[in-house]
2 protein chains.
Amino acid sequence: MAFKGQAEYSVDSKGRVAIPAQMRKAMSPAANETFTITRGFEDCIFLYPMDRWSSIEDEIEDLNMYDREVRTFVRLIMRWANEVSLDGQGRISIPNPLLDLADLDDSALILGAYDHIEIWDPEQFDGYLNEQPDDYETLAESVMR
Amino acid sequence: MAFKGQAEYSVDSKGRVAIPAQMRKAMSPAANETFTITRGFEDCIFLYPMDRWSSIEDEIEDLNMYDREVRTFVRLIMRWANEVSLDGQGRISIPNPLLDLADLDDSALILGAYDHIEIWDPEQFDGYLNEQPDDYETLAESVMR
DNA sequence: GGATGATTCCCCACATTTCCCCACGCGCCT
DNA sequence: AGGCGCGTGGGGAAATGTGGGGAATCATCC
């Protein structure tokens, strides 16, 4: 089942953020309540359930490490990656470096994005939406054909 | 069986709206009385029965998430998406963010639209109709050839 | 090597929201 | 005229998000 929906939750003083119950239910039991959290695209945080992440690792496995660009990309993505598990209250704690990267302070926007979950600083996400040149209807036309 | 017909129903204080009985009957049992509700085009709400929605997810699955436009589109559609089920009275409850998006207050227009159901604010729908440059006959000529 | 301090992790408790169930009234069909 | 189906409204119980405290772990300094 895919991740969908959005929520604006608080980031407590310990860097913890709740994952919406509906997204927790969308996780495969194979993921074992565990995510790989890493740097996302466009200054947000990506959260892959463990089972999905392993298929990304397979993609990386197939890359040619003798290519300079590949090496750079692998460094950039793996450097931020961490395993995090849900606590008894359905929260994860976000590593400090990622909190800085995503510019998170006391409030976080949690987005379901099909195969992963995204965590944004709310203002950052507003800014991202505003810089998009095309509206929803136009994007749909060009992407879903 | 396709969704057809229209109805203007009330939205109660809890954000619940009844789905017309004739549309409920048009649902496949495979949908399990469950919809995926999401942002529609032109500021309305789309309601896909679960079985139909899964084929949309299949389309999304095939998209390349490393493409910027794709990411934006997936964020825009999945962010508003939610699973909702009919309660014992044949109603669904609409998530607050979608109520705002569609500008719904106390009354909603339910439209059958072949493979999905649409929910509009009545005034919003009037405005939409008035903006259309072409009349019914002209549209038919250009679309149905 | 041991003690101290900080950090992380896990558990418990509260308040709010959400969900599910029950009840009413109107209209249509029999 | 009665019954059944349908849309509308409200109340109670369970689930969900939020905050804090204490124990275990790790690193640091003496």
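In what follows, chains are A, B, ... by sequence order, proteins preceding strands, each numbered from 1.
- The two residues A/R39 and A/L98 make their nearest non-hydrogen contact at N-CD2, 3.9 Å.
- Atoms CD1 and CG, on B/I45 and B/L104 in that order, are 5.0 Å from each other to the nearest 0.5 Å.
- Separating the CD atom in B/E42 from the CG atom in A/D135 is a distance of 9.0 Å, to the nearest 0.5 Å.
- One atom, CD of B/Q22, and another, P of C/dC29, lie 14 Å apart when rounded to the nearest Å.
- Nucleotide D/dG9 holds its C1' atom 15 Å from the CG atom of B/D106, rounded to whole Å.
- If you measure from atom CD1 of A/I19 to atom P of D/dT18, you get 11 Å, rounded to the nearest angstrom.
- Within 4.0 Å of B/D12, counting heavy atoms only, lie sugar-phosphate atoms of the nucleic acid but no base atom.
- Contact annotation: A/R91 side-chain N/O to C/dC11 OP1/OP2 distance is not under 4.0 Å.
- Between the CD atom of A/E8 and the P atom of C/dT16 there is a distance of 19 Å, given to the nearest Å.
- The side chain of B/S10 contributes an N or O atom lying less than 4.0 Å from OP1 or OP2 of D/dG9.
- End-to-end axis angle of the helix from C/dG1-D/dC30 to C/dT30-D/dA1, from C1' rotation axes over five pairs per end: 30° (rounded to 10 degrees).
- Distance CD1 (A/I110) to C1' (D/dT18): 13 Å, rounded to an integer number of Å.
- The shortest non-hydrogen separation linking B/G15 to B/L99 is CA-CD1, 4.2 Å.
- Where A/K14 and A/Y9 meet DNA chain D, the nucleotide closest to each residue was compared, and A/Y9 sits on the side nearer the 5' end.
- To the nearest 0.5 angstrom, B/E8 atom CD is 9.0 Å from B/I110 atom CD1.
- For D/dG5, neither phosphate oxygen OP1 nor OP2 lies less than 4.0 angstrom from any side-chain nitrogen or oxygen of B/K25.
- By the 6.0 Å and 45° rule, B/R75 does not stack over the aromatic ring of A/F125.
- What separates CG of A/N82 from C1' of C/dT8 is a distance of 13 Å, to the nearest Å.
- Going from atom CG of A/D87 over to atom P of C/dC12 covers 13 Å, rounded to whole Å.
- Going from atom CD of B/E33 over to atom C1' of C/dC20 covers 14 Å, rounded to whole Å.
- The base of C/dC22 is paired with the side chain of B/Q89 by a donor and an acceptor separated by under 3.5 Å.
- Heavy-atom distances to DNA chain C give each of B/G88 and B/N96 a nearest nucleotide, and the one nearer the 5′ end belongs to B/N96.
- Residue B/R16 places a side-chain atom within donor-acceptor reach of the base of D/dG10, judged by atom type and a 3.5 Å distance cut-off alone.
- Residues A/Y114 and A/W120 are members of one and the same hydrophobic cluster, defined by side-chain heavy-atom contacts under 4.5 angstrom among Ile, Leu, Val, Met, Phe, Trp and Tyr.
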